[in-house]
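Everything on this sheet refers to the single structure shown next.
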2 protein chains.
Amino acid sequence: MNTDKHSQGPKKEDYLSHIAFDSVIFGFNGKQLKILVLEYQNTGLFALPGGFVKRNESLKDAVTKGVMERTGIEDLYLEQFHTFGNLDRFDSKAMERILEMNGLDIKAHEWLLDRFISIAYYALINFEEVNPIPDPLADSIEWYSLDELPPLMMDHEEIVQKALETLRENLDKKLLGMNLLPTKFTMKELQNAYEKIMGETFKRTAFQRRMLATKNLVRHEKLFTGGAHRAPYLYSFKIK
Amino acid sequence: MNTDKHSQGPKKEDYLSHIAFDSVIFGFNGKQLKILVLEYQNTGLFALPGGFVKRNESLKDAVTKGVMERTGIEDLYLEQFHTFGNLDRFDSKAMERILEMNGLDIKAHEWLLDRFISIAYYALINFEEVNPIPDPLADSIEWYSLDELPPLMMDHEEIVQKALETLRENLDKKLLGMNLLPTKFTMKELQNAYEKIMGETFKRTAFQRRMLATKNLVRHEKLFTGGAHRAPYLYSFKIK
DNA sequence: TATTATTGTAACAAACTGTTACAATAACAA
DNA sequence: TTGTTATTGTAACAGTTTGTTACAATAATA
């Protein structure tokens, strides 16, 4: 029996039909904000990492497992932000091409060509801690800056936009405890994260005061980088 | 051929399997905040109005149509707030009972006993403008205050909680143009709506100043109610 | 010990919020 | 007409938060 990854795709009977998930995985390294995009084998098609929900697993578990398989990270910040259910959101031609280029039998995977409703989640991680792993059907997975995204298939660009909007709305409430930054970080790194996500700049002093006023930061030792200037303190988020 | 409403339920082939929607329909009349709850025929089971998505209609259209069928309102404020996908969220025994009590053949409707993922929306309407219409399978649909809800089936109480949380978070951003209030309303009615939704009281003068500062209200003529006191102005939301 | 680049805070002003006070009504009664 | 009562619309003041500028406190290096 051929167990090569190209010999068999997801089996219809294992999954809930018509239901998919997509994930917008935001990565930050103290300087740049990027997202993970995968490219399907020989098709020139770019897409968000996604998957299907097994009949015997919860939606949340399916997404957690899916994102873990791409990033290797088990304990990440995941937030559901929207479910996409337009009629025009599935492109059976593209899916057919992906199956074909992966040597998968189209008849056996016909259920994948049907209409899907997709529940979208975003994740936040520090991309320097991650070695992304491609989808079984994809041959590459790469970090892309938001302003240098390749054209994404189906409605995936709309999904990214909505993810960014939601992240911006939630930033003040939910940046805490998330993994976008290393455990300990400087105020400048935190400000960079805010600025890259919000797409605007902040005054250093006001930003510092606002962050400290939240009482959600713990101050640690100073960070000596070798620069000829006063060393900044390191901070971490309080676990609530 | 029997066309009685009890003779046939939704047909499997018309709908996307495993996908449902539920709606939390908030109503306000200037004084009280309520939601619509329906009771299934002879079962003692209470539930949120919901439905399924046809294969050839968008998710949004399905929900809009569903809510319209219960309320008669075509043009309402609808917002998707969460998708519920836990394993324990479907109770096939309850569904079986509902089918049975409606004289529907269980075999023919077996797909309804399977696992469903539900996309939840909330709607905002002025409940004095509405004559709720029961589900084909339900025998009553009634307005209930949030603090006097009957026990709801499955995870519907959790859905209501999450709807209320989301509504509270969105109130300042999205109260505008919604139909919770009549087109023209007094500042007191607006304050009542805010207080009932947020579950807290506000100082009259500060509330009035805050609302006027948003620049989203248009002032109209005064409202003479016959009360022995200065008459309040009427306001409406600016259409943006 | 001076120089340079940053960081941490203080100080002041401007904007926003909370609270109190009070004048301006509508309806009604004397 | 003129009080009386209940409620509404604003102004005034205080307290709090936010924006801006200024400046002292370092780390490394010359």
Side-chain angles (χ1 to χ4, degrees), chain A residues 29-32 168-173 175-176 181-238, chain B residues 28-32 168-169 171-173 175-176 181-238:
Chain A
N29 68 345
K31 285 174 196 145
Q32 294 176 286
R168 285 177 176 169
E169 286 169 11
N170 291 343
L171 195 51
D172 280 317
K173 278 179 289 182
L175 186 66
L176 316 168
L181 290 164
T183 316
K184 291 183 183 178
F185 48 85
T186 64
M187 196 55 81
K188 175 160 250 150
E189 287 173 324
L190 181 60
Q191 185 172 346
N192 277 338
Y194 260 80
E195 292 183 342
K196 287 290 165 11
I197 292 170
M198 297 306 290
E200 55 185 312
T201 59
F202 301 101
K203 298 277 168 174
R204 181 180 63 90
T205 54
F207 180 81
Q208 179 138 337
R209 186 177 44 192
R210 180 158 71 93
M211 286 301 120
L212 294 177
T214 64
K215 304 286 179 197
N216 286 116
L217 293 178
V218 185
R219 179 185 277 187
H220 301 281
E221 72 283 3
K222 291 188 173 185
L223 171 70
F224 299 94
T225 58
H229 53 75
R230 183 171 182 170
Y233 287 105
L234 286 168
Y235 297 87
S236 66
F237 293 115
K238 257 184 206 158
Chain B
F28 192 70
N29 68 345
K31 285 173 197 145
Q32 294 176 286
R168 285 176 177 171
E169 286 168 11
L171 194 51
D172 279 317
K173 279 178 290 182
L175 186 67
L176 316 166
L181 291 163
T183 315
K184 291 183 183 179
F185 48 86
T186 64
M187 196 55 80
K188 175 161 251 151
E189 287 173 322
L190 181 60
Q191 185 171 347
N192 278 338
Y194 260 79
E195 292 183 342
K196 288 291 166 8
I197 291 169
M198 297 305 291
E200 54 185 313
T201 59
F202 302 101
K203 297 275 167 175
R204 180 181 63 89
T205 54
F207 180 82
Q208 178 139 336
R209 186 177 44 191
R210 180 158 70 93
M211 287 300 121
L212 293 176
T214 65
K215 304 287 180 196
N216 287 116
L217 294 178
V218 186
R219 179 186 277 187
H220 301 280
E221 72 282 4
K222 290 186 174 187
L223 171 70
F224 300 93
T225 57
H229 53 76
R230 183 171 182 170
Y233 286 105
L234 286 168
Y235 296 87
S236 66
F237 293 115
K238 256 183 205 158

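Letters A, B, ... are given to chains in the order of the sequence lines, protein chains preceding strands, and every chain is numbered from 1.
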For [X] and [N], give me the distance from atom [atom1] to atom [atom2], rounded to whole Å.
X	N	atom1	atom2	result
B:His229	C:dA23	NE2	P	20 Å
A:Glu189	C:dT6	CD	C1'	15 Å
B:Arg219	D:dG9	CZ	P	6 Å
A:Glu200	D:dG19	CD	C1'	14 Å
B:Gln208	C:dT20	CD	C1'	15 Å
B:Phe202	C:dT17	CZ	P	13 Å
B:Arg230	D:dA6	CZ	P	17 Å
A:Leu223	D:dA28	CG	C1'	14 Å

Considering every strand and a 4.0 Å limit on heavy-atom distances, what is the contact class for B:Ala231: base, sugar-phosphate, or nothing?
sugar-phosphate
Please confirm whether the shortest side-chain N or O distance from B:Lys203 to OP1 or OP2 of C:dT17 is below 4.0 Å.
no
Kindly say if A:Lys188 contacts the phosphate of C:dT7, meaning a side-chain N or O under 4.0 Å from OP1 or OP2.
yes
Which of the following nucleotides, D:dG9, D:dA6, D:dT21, is nearest to the side chain of A:Thr205?
D:dT21
Looking at OH of A:Tyr233 and CD of A:Gln208, how far apart are the two atoms once the value is rounded to the nearest 0.5 Å?
10.5 Å
When rounded to the nearest 0.5 angstrom, what distance separates CZ in A:Arg209 from OG1 in A:Thr214?
13.5 Å
Say whether, by atom type as modelled, one donor and one acceptor occur between the side chain of A:Lys31 and the main chain of A:Asn192 under 3.5 angstrom.
no
Quick one: does B:Thr186 reach the base of D:dT8 with a side-chain donor-acceptor pair under 3.5 Å?
no
Select from A:Leu234 and A:Arg209 the residue whose nearest nucleotide in DNA chain C is closer to the 5' end of that strand.
A:Leu234
In a table with atom names and distances, give each donor-acceptor pair under 3.5 Å that connects a side chain of residues 181-189 of chain B to protein atoms at least two apart or in another chain.
| unit_1 | atom_1 | unit_2 | atom_2 | d |
| --- | --- | --- | --- | --- |
| B:Lys184 | NZ | B:Glu221 | OE1 | 3.4 |
| B:Lys184 | NZ | B:Glu221 | OE2 | 3.4 |
| B:Thr186 | OG1 | B:Glu189 | N | 3.2 |
| B:Glu189 | OE1 | B:Thr186 | N | 3.0 |

Assign each of A:Phe224 and A:Arg204 to its nearest nucleotide of DNA chain D by heavy atoms, then name whichever residue's nucleotide is nearer the 5' end.
A:Arg204
A:Gln191 meets the side chain to side chain contact (heavy atoms under 4.5 Å, CB included) criterion, sequence neighbours left out, with A:Glu195, A:Phe202, A:Arg204, A:Phe207
